[in-house]
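Accompanying notes for the structure given below.
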Amino acid sequence: MIRSRFMRPALAALSVGVAVIVSGCGQTTSGKARPAVAAPDACDAVVMFVLDVSLSMEATDVDPSRLTVAKQAMKEYAYQLAPDTNLGLVTFAGTASLMVTPTTDRAPFTNALDSVRLAERTATGEGIFTALTAIDTFSGIVPSAGSRRIILLSDGKQTMPEDLNAARGAYTAAREANVEHIPVSTISLGTADGVVEIPEHSGSVKVPVPTDPDSLREIARLSAGTSHTATTLPQLTTTLGGLSCRR
């Protein structure tokens with residue numbers, strides 16, 4: 001979301017875990033704290049979580065911050081999944097990194113969340129493409145008849161590249177996910193009033209970082225996924241609870 005002159009090279013490493021997981025395709029929802037959507041009866045074979053770690057995730061319009069709430073809800077989500085669920089993690093800012101390959105072990109997932117650091121820019125397409133590669137590699141080694149899913153948690157619009165329809169853009173990645181029958185469930189976290197303070201030589205400057213639910217909604221549509229919004233921890237927890245089956 002926040003532009004910068006800098007970008008880091010992408011990191012990726014791939015190892016394999018074995019398991020079976022769940023999730024379902026529900027209706028578009030605001031993620032408001034209402035009764036939780038019933039968890040699906042059948043489980044996905046693989047779920048990749050794609051987390052935005054751009055600087056805008058530091059905004060405090062979601063108390064205490066967007067990133068803090070995201071990490072807390074994601075940890076709860078992980079431990080509520082069925083024991084034989086394969087769960088992986090990709091983070092992205094200016095580049096994307098494969099943090100955890102699909103596995104039934106929850107410790108790597110939660111440990112990776114604890115080590116997350118914010119960075120500049122937002123390359124949403126790279127995050128989705130990296131998740132697709134991880135899923136394809138895992139599925140090639142551990143064949144499964146089960147479905148596969150990506151959950152994209154972000155607070156705003158892609159900034160790198162600016163064109164979401166570019167070769168490595170988010171809309172292009174969403175179309176590829178659709179071709180591979182891997183829906184992307186998107187969650188827009190935050191409000192239109194988000195602000196972050198950026199250090200400068202003479203102090204700091206406040207930069208507006210409003211969410212962009214429209215682009216996330218389009219990513220979900222193009223990939224045949226579902227779109228959601230959340231502005232509090234209970235809302236986010238409720239939304240995630242409706243996306244996958246539980247223990």
Side-chain angles (χ1 to χ4, degrees), residues 1 23 26 28-32 37 44 46-59 61-81 87-93 96-100 109-110 112-119 121-132 134-135 149-159 170 173-174 177 182-191 194 209-220 223 225-244:
M1 308 232 0
S23 219
T28 299
T29 175
S30 67
K32 292 182 179 180
V37 178
D44 295 329
V46 182
V47 169
M48 287 298 300
F49 220 116
V50 179
L51 174 64
D52 182 349
V53 294
S54 59
L55 293 178
S56 56
M57 289 290 284
E58 194 173 27
D61 56 332
V62 180
D63 186 45
S65 74
R66 293 175 181 176
L67 182 63
T68 299
V69 165
K71 293 195 294 184
Q72 184 172 340
M74 289 169 65
K75 288 180 180 180
E76 182 176 339
Y77 164 85
Y79 282 111
Q80 285 183 343
L81 291 176
L87 178 64
L89 175 65
V90 168
T91 61
F92 70 95
S97 297
L98 176 61
M99 305 295 289
V100 181
F109 186 87
T110 57
L113 288 175
D114 287 336
S115 68
V116 162
R117 296 293 181 269
L118 299 181
R121 297 191 179 184
T122 309
T124 311
E126 291 296 337
I128 298 172
F129 277 124
T130 300
L132 289 173
I135 292 173
R149 174 178 308 278
I150 292 171
I151 298 177
L152 170 62
L153 177 56
S154 179
D155 64 353
K157 188 173 182 178
Q158 169 186 289
T159 63
I182 302 175
V184 181
S185 295
T186 63
I187 304 174
S188 173
L189 178 63
T191 71
V209 287
T211 55
D212 181 34
D214 291 343
S215 65
L216 293 172
R217 189 177 300 116
E218 181 65 3
I219 290 169
S223 66
T226 58
S227 63
H228 312 264
T229 64
T231 60
T232 65
L233 176 58
Q235 289 176 2
L236 182 55
T237 301
T238 297
T239 296
L240 288 175
L243 288 176
S244 297

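All values below come from the heavy atoms of this structure, side chains included, with hydrogens, waters and symmetry mates left out.
Under a 3.5 Å cut-off, the side chain of Glu58 and the backbone N or O of Leu118 do not form any donor-acceptor pair. Within the 3.5 Å criterion, the main-chain N or O of Ala174 finds no donor-acceptor partner in the side chain of Ser223. Between the side chain of Asp61 and the main chain of Gly190, no donor-acceptor pair closer than 3.5 Å is present. With hydrogens and angles disregarded, a donor-acceptor distance shorter than 3.5 Å links the side chain of Gln235 to the backbone of Thr231. No side-chain donor-acceptor contact under 3.5 Å links Glu126 to the backbone of Ala96.
Going from atom OG1 of Thr238 over to atom NE2 of His228 covers 12.0 Å, rounded to the nearest 0.5 Å. Here the straight-line distance linking atom OG1 of Thr124 with atom CZ of Phe92 works out to 4.0 Å at 0.5 Å rounding. Rounding to the nearest 0.5 Å places CD of Glu76 at 4.5 Å from OG1 of Thr237. Rounding to the nearest 0.5 Å gives a distance of 4.0 Å between OG of Ser185 and CZ of Arg149. Note that the CG atom of Leu113 and the CG atom of Leu51 stand 7.0 Å from one another [nearest 0.5 Å]. In this structure, Ile150 CD1 and Phe49 CZ are separated by 12.0 Å, a value rounded to the nearest 0.5 Å.
A search for salt bridge (Lys or Arg N to Asp or Glu O under 4.0 Å) contacts involving Glu218 returns Arg221, not counting sequence neighbours. For the side chain to side chain donor-acceptor pair (under 3.5 Å) test, residues two or more places apart in sequence or in another chain that qualify with Asp214 are Arg217. Taking Thr110 as the reference, nothing meets the side chain to side chain donor-acceptor pair (under 3.5 Å) condition, with sequence neighbours excluded.
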Report the C-alpha distance between Ser56 and Asp155 in whole Å, list the side-chain angles of each, state the deciding distance to 0.1 Å, and finish with yes or no for side chain to side chain donor-acceptor pair (under 3.5 Å).
-> CA-CA 7 Å; Ser56 56; Asp155 64 353; 2.8 Å; yes
Check the pair Leu189, Thr211 against side-chain contact (heavy atoms from CB on, under 4.5 Å), reporting the backbone distance first and the verdict last.
-> CA-CA 7 Å; Leu189 178 63; Thr211 55; over 6 Å; no
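For Gly194 against Arg66, the heavy-atom pair with the smallest separation is CA-NH2, 3.5 Å. The minimum heavy-atom distance between Leu216 and Ile187, with the atom names listed, is CD1-O, 4.0 Å. Here the closest non-hydrogen pair linking Leu240 and Ala73 is CD1-O, 3.7 Å. Here the closest non-hydrogen pair linking Leu233 and Val69 is CA-CG1, 3.7 Å. Of all non-hydrogen atoms in Phe109 and Gly88, the two that sit nearest each other are CE1-O, 3.7 Å. The two residues Ile219 and Val184 have their closest heavy-atom pair at CG2-CG1, 4.1 Å.
Looking only at side-chain heavy atoms (C-beta outward), Leu153 and Met74 come within less than 4.5 Å of each other. Between Asp63 and Thr232 there is no side-chain heavy-atom pair separated by less than 4.5 Å. Using a 4.5 Å cut-off on side-chain heavy atoms (C-beta onward), Asp212 and Gln158 make no contact. Looking only at side-chain heavy atoms (C-beta outward), Leu243 and Thr226 come within less than 4.5 Å of each other.
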